[in-house]
Number of protein chains: 2
Amino acid sequence: MAVSKKRKTLKVQEAGARLRAAGLRPTRQRVALAQLLGAGHRHVSAESLHQEALKAGMPVALATVYNTLNQFTEAGLLREVVVGSGRSYFDTNTDAHQHFYCEDDGSLVDIPGKTIEVAGVPVPPRGMTIERVEVVVRLKRA
Amino acid sequence: MAVSKKRKTLKVQEAGARLRAAGLRPTRQRVALAQLLGAGHRHVSAESLHQEALKAGMPVALATVYNTLNQFTEAGLLREVVVGSGRSYFDTNTDAHQHFYCEDDGSLVDIPGKTIEVAGVPVPPRGMTIERVEVVVRLKRA
DNA sequence: ATTTCAATTTGGAATAGTTCTAAACTGTGT
DNA sequence: ACACAGTTTAGAACTATTCCAAATTGAAAT
Ligand SMILES: [Mn+2]
Ligand SMILES: [Mn+2]
Ligand SMILES: [Zn+2]
Ligand SMILES: [Zn+2]
């Protein structure tokens, strides 16, 4: 029998609370997406999250998924990871950590926060501040 | 008076030689682009290089610029730097070095090769090899 | 020099990811 | 219940890039 994996989701109540805490109105759609994103560390694309919501019986427009992911990112609930032209992921883990990225299959794998050490980052040009030091370890099939 | 900056270009002869050395047929278009790219370290987008070629009186189709940049990259003459969804630059400096990237204006600035030190890169997942460790220092206007 | 043909170029169509628009809807305060 | 700013939505629009099939061309062979 084809056992369909069921991902653990947050309770509506908790998702709503997180949204309010971030200053976002807990609409039906935002709560649904927050529920899907809320449990565990995940890397999603707008398209993949959209599919997931539909399958979970929570219909949401793709435009809303984009809006929501951007709002969550601005609110600090998500982090955006850019790996290739046109391929950008949203990461539910907002702590400092890095990624393996495999160009062949587009997969993104976490490297725990304390693993990689970056030293010697120079002072930024006048009038600029460092927002983040991003390390992506690009992989190829051996 | 508006002094139009004239960028130094390679001689046709030398551009041709580089192409042959890389196993690429020195067509008129490829020679023209190689001339523009050949002198000094540069960061170009397909669109910016296309404009530059037109202004220099070397008409080339945009599709050809894309083809050529990709071929040059495969041949090891260029390196591709991905900074944001849809924004990818080609770098004439293929040596190991890193970049400052300013999201506000899309500018890319070199960080010399030996400046940043990355330690603790973990062993890649089974069946994969590390192709490159990419460090991008993301900046915001202060 | 002429011939030949695979490699290359080209303009336009096609694609993919994302944002925009303006009308419909809904959460929240009164 | 009412009002309205905030939100959602379908579809159009946009941007960067690749694909296509026809025309051109570099270089090798005669
Ligand atoms: Mn964004
Ligand atoms: Mn490419
Ligand atoms: Zn991650
Ligand atoms: Zn560079």
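Computation of the quantities below employed the complete heavy-atom set of this structure, encompassing side-chain atoms and omitting hydrogens, waters and symmetry-equivalent molecules. So that the names make sense, note that chain A is the first sequence line, chain B the second, and so on, each numbered from 1.
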Rounded distance in Å - NE2 (A/H50) to P (D/dG11): 12 Å

Please write out the pairs of protein N or O atoms and N or O atoms of nucleotides 2-4 of chain D separated by less than 3.5 Å, giving the distance to one decimal.
none

Can you see if the side chain of B/N70 gets near the phosphate of D/dT18 - specifically, an N or O under 4.0 Å from OP1 or OP2? yes

Distance flag, aromatic centroids of A/H97 and A/H99, threshold under 6.0 Å: yes

For the residue pair B/D110 / B/H43, report whether a side-chain donor-acceptor contact shorter than 3.5 Å exists. yes

Hey, what do you get for CG (A/L24) to OG1 (A/T68), rounding to the nearest 0.5 Å? 9.0 Å

Spacing between B/L62 atom CG and C/dA13 atom C1', to the nearest angstrom: 14 Å

Only pairs at least two apart or in different chains count here, so list each side chain to side chain donor-acceptor pair (under 3.5 Å) that has a residue in residues 20-36 of chain B. B/R30-B/Q71

In whole angstrom, give the distance that lies between atom CZ of A/F72 and atom C1' of D/dT7. 13 Å

Ignoring backbone atoms, establish whether A/Y66 has a side-chain N or O less than 4.0 Å from OP1 or OP2 of C/dT18. yes

Phosphate contact (C/dG17 OP1 or OP2) by A/S45 side-chain N/O below 4.0 Å: no

Quick one, B/I116 and B/V137 - any side-chain contact, counting heavy atoms below 4.5 Å? yes

Residues 110-142 of chain B vs ring-ring contact (aromatic ring centres under 6.0 Å, His included), sequence neighbours excluded, gives none

Base contacts versus sugar-phosphate-only contacts with protein, heavy atoms under 4.0 Å: please encode nucleotides 24-30 of chain C as B, S and - from 5' to 3'. ---BS--

Using the closest heavy atom to pick a nucleotide of DNA chain D for each, name whichever of B/S88 or A/T64 lands nearer the 5' end. A/T64

Let's go through B/S88 and B/E80 carefully: what are the C-alpha distance in whole Å and the side-chain angles of both, what is the deciding distance for side-chain hydrogen bond (donor to acceptor under 3.5 Å, both in side chains) to 0.1 Å, and is it a yes or a no? CA-CA 7 Å; B/S88 109; B/E80 197 170 358; 3.2 Å; yes

Suppose clustering is done on Ile, Leu, Val, Met, Phe, Trp and Tyr with side-chain heavy atoms closer than 4.5 Å. Which residues sit in the same group as A/V123? none

Could you give the CD-to-C1' distance, from B/Q51 to D/dA16, as a whole number of Å? 14 Å

Please write out the pairs of protein N or O atoms and N or O atoms of nucleotides 21-23 of chain C separated by less than 3.5 Å, giving the distance to one decimal.
none

Can you tell me how far P of D/dT9 sits from CE of A/M58, to the nearest Å? 13 Å

Evaluate the salt bridge (Lys or Arg N to Asp or Glu O under 4.0 Å) criterion for residues B/E52 and B/R42: first the C-alpha distance (whole Å), next the side-chain angles of each, then the deciding distance (0.1 Å), finally the verdict. CA-CA 13 Å; B/E52 200 178 321; B/R42 309 196 50 194; 2.9 Å; yes

Could you give the CG-to-C1' distance, from A/L19 to D/dT7, as a whole number of Å? 13 Å

Test applied, side-chain contact (heavy atoms from CB on, under 4.5 Å); reference residue, B/R138; option that passes from A/V82, A/I130, A/V133: A/V82

For D/dC19, take OP1 and OP2 only and decide whether either is under 4.0 Å from a side-chain N or O of B/N67. no

Atom-pair distance (CG on B/L54; P on C/dG11), nearest Å: 10 Å

In whole Å, what is the span from the CD atom of A/E80 to the C1' atom of C/dT19? 13 Å

With side-chain contact (heavy atoms from CB on, under 4.5 Å) as the test, pick out the partner of B/L36 among B/V31, B/V60, B/T9. B/T9

Closest heavy-atom contact between B/F100 and A/P124? CZ-CA, 3.8 Å

